[in-house]
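Just so it is clear, the values below take in all heavy atoms, side chains as well, and ignore hydrogens, waters and symmetry mates. Note that the coordinates shown come from a computational prediction; the quantities given were computed from them, not determined experimentally.
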Amino acid sequence: MTRIEVLGTGCAKCKRLFANAEQAVKDLKITAEIVKVEDLAEIVGRGVMLPPALFINGEVRAEGRIPDVNEIKKMLTE
């Protein structure tokens, strides 16, 4: 199963990234676990200095920006 993590402090950008990830999963009709990571110590511990960040299966795929739904879909199908 695909694991998608949105790292951020809960700001509007983080919420938009989470919503985009949810929509991408829905559009692709795949099974994925989507998790919000809002703990600052964990975010910094993963090397993220500019949230929001998107991790897919433990790999950072975007940091400091909000990929749109189509870009996330592309990431998930690579």
**Q** Once salt bridge (charged side-chain N to carboxylate O under 4.0 Å, His left out) is applied, do any residues pair with E22, and if so which ones, sequence neighbours excluded?
**A** none
**Q** Of the non-hydrogen atoms in E38 and G10, which two are nearest, and what is the gap between them?
**A** OE2-CA, 3.6 Å
**Q** Test of understanding: with side-chain hydrogen bond (donor to acceptor under 3.5 Å, both in side chains), list the residues that count as partners of Q23, not counting sequence neighbours.
**A**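 Expected list: D27.
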**Q** Heavy atoms, side chains only, cut-off 4.5 Å: are F55 and V48 in contact?
**A** yes
**Q** For a quick test of reading the model, state the closest non-hydrogen atom pair linking G47 to E63 and the distance between them.
**A** O-OE2, 4.1 Å
**Q** Partners of R46 by side-chain hydrogen bond (donor to acceptor under 3.5 Å, both in side chains), sequence neighbours excluded?
**A** E5, E42
**Q** Test of understanding: with side-chain hydrogen bond (donor to acceptor under 3.5 Å, both in side chains), list the residues that count as partners of E59, not counting sequence neighbours.
**A** none
**Q** Can you tell me if CZ on R61 sees more than 12 non-hydrogen neighbours from other groups inside 6.0 Å?
**A** yes
**Q** Indicate the atoms forming the closest heavy-atom contact of P51 with G8, along with that distance.
**A**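 Smallest interatomic distance, heavy atoms only, reads CB-CA, 4.0 Å.
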**Q** Report the hydrophobic cluster partners of I34, with the cluster defined as I, L, V, M, F, W, Y residues connected by side-chain heavy atoms closer than 4.5 angstrom, directly or transitively.
**A**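 Its cluster mates, by chain and number, are I4, V6, L17, F18, V25, L28, I30, L54, I56, I66, I72, M75, L76.
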**Q** Taking R3's backbone N and O only, do any of them form a donor-acceptor pair with E33's side chain (distance below 3.5 Å, no angle check)?
**A**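 Not confirmed, E33 side chain does not pair with R3 backbone.
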**Q** For the atom pair NZ (K15) and NZ (K36), what is the distance rounded to the nearest 0.5 Å?
**A** 7.0 Å
**Q** Cluster partners of M1, using ILVMFWY side-chain heavy atoms under 4.5 angstrom, listed by chain and number?
**A**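 Other cluster members: none.
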**Q** Measuring from atom CG of D39 to atom CG of L7, what distance do you get when rounded to the nearest 0.5 angstrom?
**A**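 Between D39 CG and L7 CG, I get 9.5 Å after rounding to 0.5 Å.
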**Q** Report yes or no: do V37 and L40 belong to one cluster of Ile/Leu/Val/Met/Phe/Trp/Tyr joined by side chain heavy-atom distances under 4.5 Å?
**A** no
